[in-house]
Amino acid sequence: MPYDLTNFTLKDMALCSGWVRKAGKTAADMEEVASSIVSYLYNEFVIANSDDKACALVRFFVTCNYGQLSNDRQGFARRLGQNPHLQDVTCLALLATVGEKAEWNSVRHSMGHQAIPLVSKAVVEQAPMIAQLIKQSGLDIATILSPAPDLILEAEQRSYNVFHVPNARGSPYIPAQKEFVIPYGICSCLGFGGLLPSGRLFSVIMFSKVSIPTETANMFRTLSLSVKTAILPFDKDRVFHQDGPSKVTPERTSQ
């Protein structure tokens, strides 16, 4: 059923969470679950009294070691980080994406987010959106870069906050103002997620064309737990499609 981000109810959240929890039951890997979840959120959240999509773009990210990435994503990370030696580096990988532009519906077409090497705390803090995503999730950047078993166990049990930018226009946390926020009418940004037993951070980010109230954003803590339930069976060794994506030359896009 369609949902309204400007008037999202507890009943709506219960229905949405129920669907998300079941998303992993027939999936082969986390990537497939992530694709189902972003497609569901993109299609079901609409502008009030219309069939128009409320979000311009919805994406699903997960952290993993560079060595766990597909060959395509490894090559992207090396080029982005301008460093051929990333073997022990944690990367933020784009697992699934859907949006109103054709190229936003393919991970391979992303020019800046296929796999982002998180080389150090200083590097992460230079990317304001990523840094705030981690911090507002209730986590420390160091925990994400070098996840220790004792810290993971403690952090995994927390109730995480959401990453909420109520006014996207002019926000320092969304640097792509001229290329993305302004031309696509982005009003708010909402991210939610958490930590898996492996130490992976997962996060769903929604770029909305309607203003998302703080009360609505806070409700998405519940949905983060539902997403975790759906992807948990694939945390150990079934994150990416086994065959991996075919290599193509991506079209240029700011996202």
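Residues take their numbers from the sequence shown, with the count starting at 1.
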Side-chain donor/acceptor of [X] to backbone N/O of [Y], under 3.5 Å:
{"X": "D4", "Y": "T6", "value": "yes"}
{"X": "T97", "Y": "W104", "value": "yes"}
{"X": "T63", "Y": "L201", "value": "yes"}
{"X": "D235", "Y": "S198", "value": "yes"}
{"X": "S171", "Y": "N167", "value": "no"}
{"X": "Q177", "Y": "A168", "value": "yes"}
{"X": "N65", "Y": "T90", "value": "no"}

Exercise. Compare all side-chain heavy atoms of V227 with those of F60 and state whether any distance is below 4.5 angstrom.
Key: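 With C-beta onward as the side chain, the pair touches.
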Exercise. Answer whether the closest heavy-atom distance between the side chains of C189 and Y173 falls below 4.5 Å.
Key: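 When only atoms from C-beta onward are counted, Y173 and C189 do not touch, as no gap falls below 4.5 Å.
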Quiz item: According to the side-chain hydrogen bond (donor to acceptor under 3.5 Å, both in side chains) rule, which pairs have a member within residues 34-46, sequence neighbours left out?
Solution: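 Residue pairs passing side-chain hydrogen bond (donor to acceptor under 3.5 Å, both in side chains), neighbours aside: Y3-Y40.
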Which atom names give the shortest non-hydrogen contact between [X] and [Y], and what distance separates them?
{"X": "C16", "Y": "F8", "value": "CB-CZ, 4.4 Å"}
{"X": "P117", "Y": "L86", "value": "CG-CD1, 4.2 Å"}
{"X": "E31", "Y": "L95", "value": "CG-O, 3.5 Å"}
{"X": "A23", "Y": "I37", "value": "CB-CG1, 4.1 Å"}
{"X": "F202", "Y": "L195", "value": "CE2-N, 3.9 Å"}
{"X": "V46", "Y": "P2", "value": "CG2-CB, 3.8 Å"}

If you round to the nearest 0.5 Å, how far is [atom2] of [Y] from [atom1] of [X]?
{"X": "Q74", "Y": "Q87", "atom1": "CD", "atom2": "CD", "result": "7.0 Å"}
{"X": "I186", "Y": "I174", "atom1": "CD1", "atom2": "CD1", "result": "8.0 Å"}
{"X": "M30", "Y": "I231", "atom1": "CE", "atom2": "CD1", "result": "4.5 Å"}
{"X": "F192", "Y": "S203", "atom1": "CZ", "atom2": "OG", "result": "7.5 Å"}
{"X": "L190", "Y": "C55", "atom1": "CG", "atom2": "SG", "result": "8.5 Å"}
{"X": "C91", "Y": "R73", "atom1": "SG", "atom2": "CZ", "result": "11.0 Å"}

Practice problem: Please report the C-alpha distance between S211 and C187 in whole Å, then the side-chain angles of each, then the deciding distance to 0.1 Å, and finally whether the side-chain contact (heavy atoms from CB on, under 4.5 Å) criterion is met. | Solution: CA-CA 5 Å; S211 295; C187 293; 3.9 Å; yes
Exercise. Please check if the distance between the ring centroids of F180 and F207 is under 6.0 Å.
Key: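 Yes: the rings meet the under 6.0 Å criterion.
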side-chain hydrogen bond (donor to acceptor under 3.5 Å, both in side chains) partners of [X], counting only residues at least two apart:
{"X": "K209", "answer": "E100"}
{"X": "R78", "answer": "Y66"}
{"X": "S106", "answer": "none"}

Practice problem: Take the angle between the ring planes of F61 and H113 and call it parallel below 30°, perpendicular above 60°, tilted in between. | Solution: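 Judged by the thresholds at 30° and 60°, the geometry between F61 and H113 is perpendicular.
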Practice problem: Using the side-chain contact (heavy atoms from CB on, under 4.5 Å) rule, take V38 and L41 through it: C-alpha gap first, then chi angles, then the decisive distance, then the call. | Solution: CA-CA 5 Å; V38 297; L41 297 176; 5.7 Å; no
In a table with atom names and distances, give each donor-acceptor pair under 3.5 Å that connects a side chain of residues 212-219 to protein atoms at least two apart or in another chain.
residue, atom, partner, partner atom, Å
T216, OG1, L5, O, 3.4
N218, ND2, T214, O, 3.4

Quiz item: Taking it one step at a time, do M206 and F220 satisfy side-chain contact (heavy atoms from CB on, under 4.5 Å)?
Solution: CA-CA 11 Å; M206 305 168 65; F220 275 74; 4.0 Å; yes
Quiz item: Taking only residues two or more places apart in sequence, or in another chain, which ones meet F76 in a ring-ring contact (aromatic ring centres under 6.0 Å, His included)?
Solution: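 With sequence neighbours excluded, F76 shows a ring-ring contact (aromatic ring centres under 6.0 Å, His included) to no residue whatsoever.
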Quiz item: Going hydrophobic residue to hydrophobic residue with side-chain gaps under 4.5 angstrom, can you get from Y184 over to I182?
Solution: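 In one cluster with Y184: I182, no.
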